[in-house]
Asker: 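There's a structure below that I have some questions on.
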Amino acid sequence: QVQLVGSGGGSVQAGDSLSLSCAASGRPFRRYAMGWFRQAPGKEREFVAAINYSGSNTYYSDSVKGRFTISRENATNTVYLQMNSLKPEDTAVYYCAASLGYSESRYQHEYNYWGQGTQVTVSP
């Protein structure tokens, strides 16, 4: 089992930055890939970013590429999502997720464990 606890959400204005964190416990953190997904009101949950087990490979959705950065610190069992140049359309509940596979993935069905979600609101 893997437990994931996300934090760092909040309300900001367009153009601001925000950093999300996700603390993992349970299985050895270095053995699984991590991802961030988000769900806006009235929309389906969508992929945001992913990172492989070691942190050497990352993958981003086109909508956040160049603005968001995913990273991980295996020593502290934490994955981060640094969000810069935020836009109102980034408003959503953000979820971290863990995949027992080693490689980064954009597909939700490849993730085995999910955090509780943290709200990010971006005002114009």
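When reading the values below, keep in mind they use all heavy atoms of this one structure, side chains included, and skip hydrogens, waters and symmetry mates. Start at 1 with the first residue, then count along the sequence. As the structure is a computational prediction, the values presented were derived from the model and not from experiment.
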Asker: Please name all residues satisfying ring-ring contact (aromatic ring centres under 6.0 Å, His included) with Y95, sequence neighbours left out, ordered by chain then number.
Answerer: none
Asker: Quick one: ring-ring contact (aromatic ring centres under 6.0 Å, His included) partners of Y80, sequence neighbours excluded?
Answerer: none
Asker: Which residue pairs satisfy the disulfide bond (SG atoms under 2.5 Å apart) criterion with at least one member in residues 1-118, sequence neighbours excluded?
Answerer: C22-C96
Asker: Mind jotting down which residue pairs meet the disulfide bond (SG atoms under 2.5 Å apart) criterion with at least one end in residues 23-93? Sequence neighbours excluded, please.
Answerer: none
Asker: For residues 54-65, which residue pairs pass the salt bridge (Lys or Arg N to Asp or Glu O under 4.0 Å) check, not counting sequence neighbours?
Answerer: D62-K65
Asker: Report the residues that fulfil side-chain contact (heavy atoms from CB on, under 4.5 Å) with Q1, sequence neighbours left out, ordered by chain and then residue number.
Answerer: Q3, Y113
Asker: Sequence neighbours left out, what pairs pass ring pair (Phe, Tyr, Trp, His ring centres under 6.0 Å) with at least one residue falling in residues 2-22?
Answerer: none
Asker: List the residues meeting side-chain contact (heavy atoms from CB on, under 4.5 Å) with Q119, not counting sequence neighbours, and say none if there are none.
Answerer: T91, V93, T121
Asker: Output all residues satisfying side-chain hydrogen bond (donor to acceptor under 3.5 Å, both in side chains) with K43, sequence neighbours left out; order by chain, then residue number.
Answerer: none
Asker: Show me the donor-acceptor pairs within less than 3.5 Å that the side chains of residues 82-89 make with the rest of the protein, sequence neighbours left out.
Answerer:
| unit_1 | atom_1 | unit_2 | atom_2 | d |
| --- | --- | --- | --- | --- |
| Q82 | NE2 | N84 | OD1 | 2.9 |
| N84 | OD1 | S17 | OG | 2.9 |

Asker: Y102 vs Y53 aromatic rings, parallel, tilted or perpendicular, using cut-offs 30° and 60°?
Answerer: perpendicular
Asker: Report the residues that fulfil side-chain contact (heavy atoms from CB on, under 4.5 Å) with E110, sequence neighbours left out, ordered by chain and then residue number.
Answerer: S105, Y107
Asker: Which residues satisfy the ring-ring contact (aromatic ring centres under 6.0 Å, His included) test with F29, sequence neighbours excluded?
Answerer: Y32
